[in-house]
Amino acid sequence: MTNIRVRFAPSPTGFLHIGGARTTLFNWLFARHHKGTFVLRIEDTDEVRSTHDSVDAILDSLSWLGLDWDEGPAPGSFDGSGWKEKGPHSPYFQMKRLEFYNKYKDQLLSEGKAYRCYCTKEELDAMRRQAQLEKRPPRYDGRCRTLTDAQRKANEAAGRAASIRFRMPDDGATVVPDLIRGDVSFENKLLQDFVIVKTGGGPTYNFACVVDDHIMEMSHVIRGDEHLPNTPSQIQLYRALGWEHPQFAHLSMILGPDGAKLSKRHGATSVLEYKTQGFLPETMRNYLALLGWSTTDSQQLFEAKELVDRFDLEGCQKNPATFDPVKLLWMNGTYIRKMTPQQLSDAAAPFLKEAGLDAVAPDALSKAVSLEIEKTKLLSEVPKLVDFFFKDAVYDPKAVDKVLKGPVPMQVLQKLGDALKDFSPFTEKPLEERIRKFCADENLKPGQVFHPIRVAVSGRTEGPTLFLMLELLGRDKVIERFELARKQFATAA
RNA sequence: GGCGCGUUCGUCUAGCGGCCCAGGACGCUGCCCUCUCAAGGCAGAGAUCACGGGUUCGAAUCCCGUACGCGCCA
């Protein structure tokens, strides 16, 4: 069996979006599963829209997702003119590989498999309109196929720029053997002589892609569904160049909730946005894997290694999948619950810093986090879940209305405050015993006591288990907040 | 417009001729646990397998059409 070599080949014209991340993930999983090689190639032939920032954003996104590549540019290595690269096929930027495209363009030209086309944009537009009028497919008519040397010279003399077109076969059909969809057949007469080199001299996507995939020895091309209609043209190019084509696998697309291709108007589509929202990379990998791939037992949660072990192209879905943010959120919660409090604190560090909680002692923070871990769904929620341990409580008016209003809560706070003033040890079990005794002594139901305590101390009705929360806050803060709440809300009664 | 791909609970999916009047997961509803919120446990609602024809003793599964959705080429 040949070595497995796959690649992800993004155009650096923006951030890495969810669809691109999914394609990368599948390539990466396939490579790792087969102990093959994963290559990152930058298709920057669109000189107008390609930017250095986009390259960096893509590299950062992949690094965050934990999808490492064996060949290609190194993240963070931009030095003002380019990136450091690793791998035997460097450079991995198409704009630095023009010599290859030129070489094979010349070969095709000299073998008569490609030709110069002098048609202007206006002429091509006219041709298209005419075809539409006659209800024919708008296909290039091949008028420059048979230009004589004299005609060619005349065109050159007239200052017309030439593009290079590939001579497609007129008859027969081209079959795309697809690992996911089976054989897909396209009639050649409906395919046109497509441009391989633009008038400006740059290669088109279909040409550069074929040349590079061959030179870089790709065994499989795993890419989005939208490339399937390009594939017969590419296969013809491989043949004309005397090359064997790689195996193809076309992944179904990812849709937004409205059934249209996932795009910016559906909200967050940049992978990095999910990082800032507080999702974990392992969540993203697991969830994205399930978008278009599954096992026969419909397993949902996969350890990192398990995903690599179990991934295969056979489990890939033909039909498009709708991205479900609700399930993503659930999944993030399951991953957070698997973490230790320490790990969660560390992972949430950027968010804690933003909330001004970065000075909190790690040990105290970890304890607070441990009380909230099972309800955390996003890293970004951690600060507001624990802030009242370290900052003044902010009283939620609704909570106050519901729980602190009336004479009973106020009395509870006063009497219990007195009772706890010198109480020791101020730890969970003794506190529970003491407070339950207080309930009995005062002839109050536990709820009549517990709820006011909770709101007085934290400002809200929902929170961690009560007595541990009190222990962690410590006696001084508890007493202080009892008093503060009484002063602040006594009149409200 | 032409070509191509797709169509199983709201969503992600299992299913590759009998085990399926369709299984799992998210979400939803109810109950249990309980000091709140969660988490967890249990139960439930939810899919005439897009539609119409075939093939077959038997079809979600095979074949052919139709509809719809999406993509590509313009």
Side-chain angles (χ1 to χ4, degrees), chain A residues 19 124-125 127-129 131-140 173-174 176 178 180-192 194 206 224-233 250-262 286-301 314-334 336-338 371-377 381 385 399 402-403 428 431-432 435-436 439 445-455 457-458 460-470:
Chain A
L124 293 170
D125 283 345
M127 226 182 285
R128 202 175 301 136
R129 259 176 276 125
Q132 256 163 8
L133 271 175
E134 294 169 25
K135 303 222 164 162
R136 284 184 292 112
R139 176 174 180 259
Y140 175 70
T174 305
V176 178
D178 188 281
I180 295 171
R181 288 154 208 285
D183 288 355
V184 183
S185 178
F186 296 83
E187 278 190 76
N188 290 336
K189 68 167 185 241
L190 298 172
L191 268 21
Q192 60 178 336
F194 63 99
N206 278 319
D225 208 351
E226 66 270 23
H227 291 292
L228 184 55
N230 284 328
T231 311
S233 302
H250 288 94
L251 269 18
S252 58
M253 292 193 322
I254 299 177
L255 273 24
D258 58 353
K261 187 174 169 179
L262 194 67
N286 193 153
Y287 181 72
L288 254 19
L290 254 28
L291 242 34
W293 173 79
S294 63
T295 53
T296 50
D297 55 3
S298 276
Q299 184 175 332
Q300 301 295 307
L301 269 8
E314 264 188 36
C316 287
Q317 194 74 12
K318 294 190 192 81
N319 47 305
T322 305
F323 186 84
D324 180 6
V326 176
K327 185 161 181 176
L328 212 217
L329 192 62
W330 161 77
M331 196 175 275
N332 207 50
T334 69
I336 286 178
R337 268 171 258 131
K338 285 182 201 164
L371 297 185
E372 300 280 23
I373 200 161
E374 80 278 6
K375 82 180 68 154
T376 310
K377 288 212 163 68
E381 294 171 344
L385 252 18
K402 199 175 151 195
V403 176
E428 186 187 12
L431 275 170
E432 177 161 10
I435 293 171
R436 285 195 189 275
C439 296
K445 282 185 225 151
Q448 291 177 286
V449 176
F450 293 175
H451 297 316
I453 297 178
R454 174 181 302 288
V455 175
V457 126
S458 71
R460 43 220 199 206
T461 50
E462 74 280 2
T465 182
L466 189 66
F467 306 105
L468 259 182
M469 175 166 79
L470 295 180

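Per chain, numbering begins at 1; letters A, B, ... match sequence-line order.
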Residues which pass salt bridge (charged side-chain N to carboxylate O under 4.0 Å, His left out) with A/Arg454, listed by chain and number, not counting sequence neighbours: none

Residue list, ring-ring contact (aromatic ring centres under 6.0 Å, His included) with A/His451, at least two apart or on another chain: none

Just jot down the salt bridge (charged side-chain N to carboxylate O under 4.0 Å, His left out) partners of A/Lys338, sequence neighbours excluded, or say none. none

For A/Lys377, side-chain hydrogen bond (donor to acceptor under 3.5 Å, both in side chains) partners two or more places apart: none

A/Thr295: which residues meet the side-chain hydrogen bond (donor to acceptor under 3.5 Å, both in side chains) condition with it, sequence neighbours left out? A/Asp297

Mind checking ring-ring contact (aromatic ring centres under 6.0 Å, His included) for A/Phe186 and listing every partner two or more places apart, or none if nothing turns up? none

Which residues pass the salt bridge (charged side-chain N to carboxylate O under 4.0 Å, His left out) test with A/Arg436, sequence neighbours left out? A/Glu432

For nucleotides 21-24 of chain B, print each protein N/O atom paired with a nucleotide N/O atom at under 3.5 Å, atom names and distance only.
residue: B/G23; atom: N2; partner: A/Ser298; partner atom: OG; Å: 2.7
residue: B/G24; atom: N2; partner: A/Gln300; partner atom: NE2; Å: 3.1

Using atom names, set out every protein N or O paired with an N or O of nucleotides 31-36 of chain B below 3.5 Å, distance rounded to 0.1 Å.
residue: B/C35; atom: OP1; partner: A/Arg436; partner atom: NH2; Å: 3.3
residue: B/C35; atom: O2; partner: A/Arg454; partner atom: NH2; Å: 2.7
residue: B/C35; atom: N3; partner: A/Thr465; partner atom: OG1; Å: 3.2
residue: B/C35; atom: N3; partner: A/Leu466; partner atom: N; Å: 3.0
residue: B/C35; atom: N4; partner: A/Thr465; partner atom: OG1; Å: 2.2
residue: B/U36; atom: O2'; partner: A/Thr461; partner atom: O; Å: 3.1
residue: B/U36; atom: O2; partner: A/Thr461; partner atom: O; Å: 3.2
residue: B/U36; atom: O2; partner: A/Gly463; partner atom: N; Å: 2.7
residue: B/U36; atom: O2; partner: A/Gly463; partner atom: O; Å: 3.2
residue: B/U36; atom: N3; partner: A/Arg454; partner atom: NH2; Å: 3.4
residue: B/U36; atom: N3; partner: A/Gly463; partner atom: O; Å: 2.5
residue: B/U36; atom: O4; partner: A/Gly463; partner atom: O; Å: 3.4
residue: B/U36; atom: O4; partner: A/Pro464; partner atom: O; Å: 3.4
residue: B/U36; atom: O4; partner: A/Thr465; partner atom: N; Å: 3.3

A/Glu187 meets the salt bridge (charged side-chain N to carboxylate O under 4.0 Å, His left out) criterion, sequence neighbours left out, with A/Lys189

Would you list the pairs meeting salt bridge (charged side-chain N to carboxylate O under 4.0 Å, His left out) in which at least one residue belongs to residues 323-333 of chain A, sequence neighbours left out? none

For nucleotides 3-5 of chain B, which of its nitrogen or oxygen atoms have a protein nitrogen or oxygen under 3.5 Å away, and what is each distance?
residue: B/C5; atom: O3'; partner: A/Arg181; partner atom: NH1; Å: 3.4
residue: B/C5; atom: O2'; partner: A/Arg181; partner atom: NH1; Å: 2.5

